[in-house]
Structure formats: C-alpha cells, structure tokens
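Below is one structure, written out as structure tokens; comments come after it.
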Amino acid sequence: MGKLVVHQEKVQDIQALIKICPFGAMEEKDGKIEINAACKLCKLCVKKGGGAMEYVEEETGPKVDKSQWKGIAVYVDHVDGRIHPVTYELIGKARELAGKINHPVYAIFMGSNIEKQAEEILHYGVDKVFVCDKKELEAFNIENYTTAFEEFINKVKPSAILVGATPVGRQLAPRVAQRFHTGLTADCTILDMHENTDLVQIRPAFGGNIMAEILTPNNRPQMATVRYKIMDAPKRNDQPSGSIEKLDFASDKFTSRVQVLGITKKPKETSIENADVLVVAGRGLKKKEDLELVKQLAEALDGDVACTRPLVEGGWMDAKCQIGLSGRTVRPKLIITCGVSGAIQFVAGMEHSEQIFAINSDPKASIFKVANYAVVGDLYEIVPKLIEQIKQGRGVA
Amino acid sequence: MEILVCIKQVPGSNKVEVDPVTGVLKRNSADAKMNPYDLFALETGLKLREEYGGNVSVLTMGPPQAKAVLYEAFAMGADKGALITDRKFGGADVLATSYTLSQGIRKFGKFDLIICGLQTTDGDTAQVGPEVSEALNIPCVCNVHKVDKVEDGNIIVDMEMSEDIEKLKVPFPCLITVQKDILEPRLPSYKKKKATADRGIDQYTLNDMEDKDEKHYGLNGSPTQVQRIFPPTSDKVQETWTGTGEELSNKIYEVLKKKKFTA
C-alpha cells in the first residue's frame, strides 16, 4: 500500500524517464513529470529512474489476524453430483500446501442429494468434508451457491480456498471474493505456501509471456482458481479417511432472484478450431481406408481428426477438417501430424499449437522445423503401437 | 430497456517481453484497441435495443486515452458513454477494479441490464463481471451463449457449462457476461463515426463517486499484490527422435502421459 512521489528536481532526462514506463503512464506537462491513470504501480520507474521516483509506503489499517484463519479448503466442483476431476487435483495440492504450515485440508461440497458422493472424497486425503445438502442448491445458481459458500467461510474460517477454473468456479469464486472483500487470483499455474500462511500464487500475465507472483498478505480467506490438468491428482486410497460434517442453516437465507428453467446436454463440439487435441492426416497415408488409423488415435486421446489440403482435394475428408491458409487455423494443446510434409501454407495454420508431434519418415520434412518432437519413422509402425499403449494405459484394451 | 455495456481498452498485441538481464518489461504500446470479447457484448446490447427499444450506454475505465474505445462503440451504434479515470485508481486488482466500476455504474445511471465480455485479452481473468454484480448486489449469469428473450422485466438466457446448457430466467436489474460467437459483431460505420466524433462523454474521478474513501480504490483497495514478474521457463523443446517403430511409439507415449494427455 502506498503511492509514487516524483522528485522533479532529480529528473535528469524527462524523455528517458518516460520511456522506462511500459504502460505509458508518465507524461510531460509544463516540463514536469506527471503520472496518469495508466500507472499499475509496477515500480519499474523507482528501480530505473535514478532516484527521481520514490515509492512511499502508507499507513495501513489494522491487519488481519492470520492465526484466526486455519485450513486449506477446496471447492468440490460438480454437476448433478458428478464430481469434476479438477477437485481431486486441487485436494492433492491443498494437502501439500497444508503440510508446510500444519493446517487441515477441507472440502466444501454443496448441492442436493450428494451425501453418497461426499464419501468418495474421503478417499483422497481430506480431513473434513463439509456437506451442504439443500434442494435450493440442486442446479447451479450463483446467488444461492454464494450464500452457502458464505456460511461455510464464516463457520470454518479457512486460510485459503482453491477453486477449479471451470465454468462454475470461474463465476462463483469472484462473487464470493467480492462478498468477503478479499483477493482472488485466476488460473494459477504454480501454488506455494509461506510459513506465515501467505499463499504464493503464480500465474501467466499479459497473455502468457510473463509470469507474475502474487500474494494476498493482508486479507483472509485467500482465494485462487486453477485450471483442470495443471496440478497432479493424488492416488485414490482404498481406505477412506477424515470425516463428513453437515453444514446446515436456515433455508430463508437463500434469496436468489434467478430461476433455473432447465438443463440440457450440450451437443458435442465438432469444430477443429475448438479442439484441444488434434491428430492430422497427411499425404503419407497410402490409401483412404488408412484414415481409420488416424481416427483411432484421435479417439484414444479424446481428440478430433484434421487433414491437409491434398486429402480434401482427393475427396478423403471434408473441407471443414482442413488446416492451413485455405482451411482453418488451429491452436490445440496437442497436435500430432501423421505423414504431413509441412508445406508453408499448412504450417501457418497450426504453428501456434502448444505441443507439436510430427511423425514423418523423411528426416528432411519441413514439418520438423516447427515440431517440438520430430519423430523420424514410419507412421504405419508407430501409430498402431501408440494406440495400443494408450488403450492399455486407460485399462480398456 | 436501459442497457449498459462495460468495455476495456487493451494493448493491440500480446507480445510482451521481459529483458532477461534487467527484468524490464518491453511493451509495444503503439496500438491499443477495444478488447475483442467486448465486441460481442456490445453486439448483444445493440441487438436487444433493436428488438426491445431503449438505449445502449458504454462505460470504460482507464487512462484518458482509453476514451477512444467509447468512440469505437459510438461508431457501432452505442448512444452514451462514460470514462472512469483517476490516477488514484491505478494499480487496481480485480476487487478494486470491480468496486470502482460498480461505483461508476451507480453514478452513470440506472440500468436494467449490464453486459460484459467473457474476459479481456490482457488481464484474462474473466472475474471482473461477476465481481461487479456482487458489488452492485444484483444477480448475474456468466458464459451466456444465447439470449432467448426479454419478457416482463426478465431476461431468459442460456448459460454454457462444461457439459450442459442451463436455461435461466433472471429479473432486471442483472448482469450477464457473454461468450464470443454469441453473435457476429457488426463493423463500425463510417457515417456513425463522423456523426459521433464530437459527442460529449461523462468523466468520473474519485470525487464524483458516492464512496470517496481512497482506501477502497487502486492499489490501496487491492488485496492482491504482485511481488515480482519474471519470464516463464519455457518447456518448449525441439527434439529429433529416430529408432524403431516401437521405440518411437514408447517415447511418444511417455511424453503424452507426462503432459497428462492420457492416463
């Protein structure tokens, strides 16, 4: 907490000072430096400004008594009692963080008719599951869920709360954070714990090119959301441990003005632009029937099939599946190209994919220039084995 | 129907680099634009106005030059604009930003429906919309991918969840955040741009707000504090593998497993 003070007499070169600010928050007015509303208080100007800029700490109000807030809580994300696996990943992380400061791990489970599912959580190493089982919580409704969350926080006073960055978590967590006037850090990729119970929250900033380390030093509870598949889920223990406690309160606290009219299943997404995983067929495939191989691999990885332009022209696949300048631009988390040479027009449509595996028997194939893993080999030898391994790993072979 | 759309000016490019030696942010601040997600929010507002009548107002917060996005919105058809700007609002995190917006909204007028984009391309949190709704104590629905209709002071919308679509009926006043692709945003009109170039906008500083306590705004009102920024350790590799089909398949499988693409 504090503010920036400009020592005009120490400013040597106004333009040089202005250039230091990455946000363009310094302006020259009548030969003096002024700071405008673009300032993010990153304090770079203090560090690099040769003494012209000073950061002055301000008196802060009474600080929160951190010893009154104990435990790491995980929000149990679910729809109709089907628990989202991000919940277990967060319990695993909470366990690790709690171990560093000797705190308990809690789960907060709210919904309707969920008692049975609550028992399942006891297999993942929590000390207590708080269950709020009410018919008003049957379908997700942000106001009623916030009410239940508020009751939980007031009763348990957890030091930190982890929420999965799912469609539900991403709206519920902010609503709760604003109600408690506390900090919330979205989409953390790394979490750690200081001895003084401050949660270290690290997330990509500015579109992922920079990481920011964030603390919530004067407020409790500390809140963070984490996306699915970022943390490691613990192994399920055969023996349950910990206990279940009912979280009950008068139903007239539910004052939601939102009415849920109905819930329908979402139709399966088929556009390759929205796919997280793509397996791409190229001209290295010898005949149309061999597309089956690529399809099976995509299926095994819960992904979709895409292709290069010659396959569309040859009538093997639909134009909707084509990647490249004359097709679609894709940016999946994983892309595996099979027998794709990597023409420049194709590469332009997929080079920003997060993980690129390229299988091609020609070591000089230009696709290898953008591949993270250039796999030099015969797709007819590699792909069938890979499918088999993935199926075995999932226990469905 | 009085509709408010919250918009934000964001950097034109996300290519920010950190100098690995000095730790200084290198940012090309040359081109700023309206947050692309806000175009869908604005289009939703304009469509609702066409169908049900009323006004579409736009509100933004930022440095003085951020008012450019209000004029962009005018060129698309928005009626009224306001800018919240004050150095004292600088360094605000999600809590302080949404609180400041909620104060600005109270000052700006009475609205039946507030529409926000799903998220911004610079902050990327998707949290400001729902936090504003709580600060205003009105209901909110996020991830709206379809507006069904407006009837008797309610709006009926479809909210997209992981696997389901939830249909909700929400009374005014309320806030929704809309997904991209909810509607195709219209292009700005040159004629409208010319006609609105001189249109006045409201500007609010701390002194205009109902709550004038500096402690609730900017860095002072922000519970989260950035300790440091650093370049990410890139896990981008470029490896070339050769071997038998089985060896190669094993290697691929191991990496897929490590990166959680398969069990």
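Chain identifiers are assigned alphabetically (A, B, ...) following the order of the sequence lines, protein sequences preceding nucleic acid strands; residue numbering begins at 1 within each chain.
- Among all heavy-atom pairs drawn from B:Pro223 and A:Asn219, the shortest one is CB-OD1, 3.4 Å.
- When heavy atoms are compared at a cutoff of 4.5 Å, A:Asp187 approaches chain B solely by way of its side chain, counted from C-beta outward.
- Within the 4.5 Å cutoff, the side chain of B:Trp241 has no heavy atoms near those of the A:Val376 side chain.
- Rounded to the nearest 0.5 angstrom, B:Gln238 CD and A:Asn372 CG are separated by 6.5 Å.
- Interface check for chain A: of the options B:Asn154, B:Val255, B:Thr177, B:Asp158, the most heavy-atom pairs under 4.5 Å are formed by B:Val255.
- Residue A:Ile202 touches chain B through its side chain alone, counting heavy-atom pairs closer than 4.5 Å.
- Within the model, atoms CD1 of A:Ile263 and CD of B:Glu166 stand 4.5 Å from one another, a figure rounded to the nearest 0.5 Å.
- Contact count versus chain B (heavy atoms, under 4.5 Å) is highest, among A:Glu354, A:Glu381, A:Arg257, for A:Arg257.
- Here the CD-SG distance, from A:Gln171 to B:Cys142, works out to 4.0 Å after rounding to the nearest 0.5 Å.
- The closest side-chain donor-acceptor pair between B:Asn250 and A:Gln389 falls under 3.5 angstrom.
- The part of A:Val79 that comes within reach of chain B is its side chain, from C-beta onward, which places non-hydrogen atoms under 4.5 angstrom from that chain.
- Neither the backbone nor the side chain of A:Ile190 comes within less than 4.5 Å of any heavy atom of chain B.
- For A:Ile142, the part lying near chain B is the side chain, with the backbone staying farther off; criterion is any non-hydrogen pair under 4.5 Å.
- Within the 4.5 Å cutoff, side-chain heavy atoms of B:Glu131 are placed close to those of A:Leu184.
- By the 4.5 Å heavy-atom criterion applied to side chains, B:Ile252 and A:Tyr373 are not counted as neighbours.
- By the 4.5 Å heavy-atom criterion applied to side chains, A:Ile214 and B:Gln227 are not counted as neighbours.
- Residue contact with chain B, scored on non-hydrogen atoms closer than 4.5 Å, involves the side chain of A:Val277 exclusively.
- Between A:Phe180 atom CZ and B:Glu134 atom CD the span is 9.5 Å, to the nearest 0.5 Å.
- For A:Lys369, the part sitting under 4.5 Å from any heavy atom of chain B is the backbone (N, CA, C, O) and nothing else.
- With a 4.5 Å cut-off on non-hydrogen atoms, A:Phe357 touches chain B through its side chain but not through its backbone.
- Between A:Arg203 and B:Thr125, the closest side-chain pair of non-hydrogen atoms falls below 4.5 Å.
- For A:Ile359, the part lying under 4.5 angstrom from a heavy atom of chain B is the side chain only.
- Of the atoms belonging to A:Tyr380, not a single heavy atom falls under 4.5 Å from chain B.
- To the nearest 0.5 Å, atoms CD (B:Gln127) and OG1 (A:Thr225) are separated by 5.5 Å.
- Looking at A:Ala371, only its backbone comes within 4.5 Å of chain B, counting heavy atoms on both sides.
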**Request:** Begin from the C-alpha positions of B:Glu160 and A:Lys266 and carry the test salt bridge (charged side-chain N to carboxylate O under 4.0 Å, His left out) through to its verdict.
**Result:** CA-CA 8 Å; B:Glu160 189 171 350; A:Lys266 198 159 78 177; 2.8 Å; yes

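- How far OG1 of B:Thr244 is from CG of A:Asp378: 11.5 Å, rounded to the nearest 0.5 Å.
- Both the backbone and the side chain of B:Phe261 come within less than 4.5 Å of a heavy atom of chain A.
- Both the backbone and the side chain of A:Asp232 come within contact range of chain B, each with at least one heavy atom under 4.5 Å from a heavy atom of that chain.
- A salt bridge is absent between B:Arg87 and A:Glu34: the closest approach of a Lys/Arg side-chain nitrogen to an acidic carboxylate oxygen does not fall below 4.0 angstrom.
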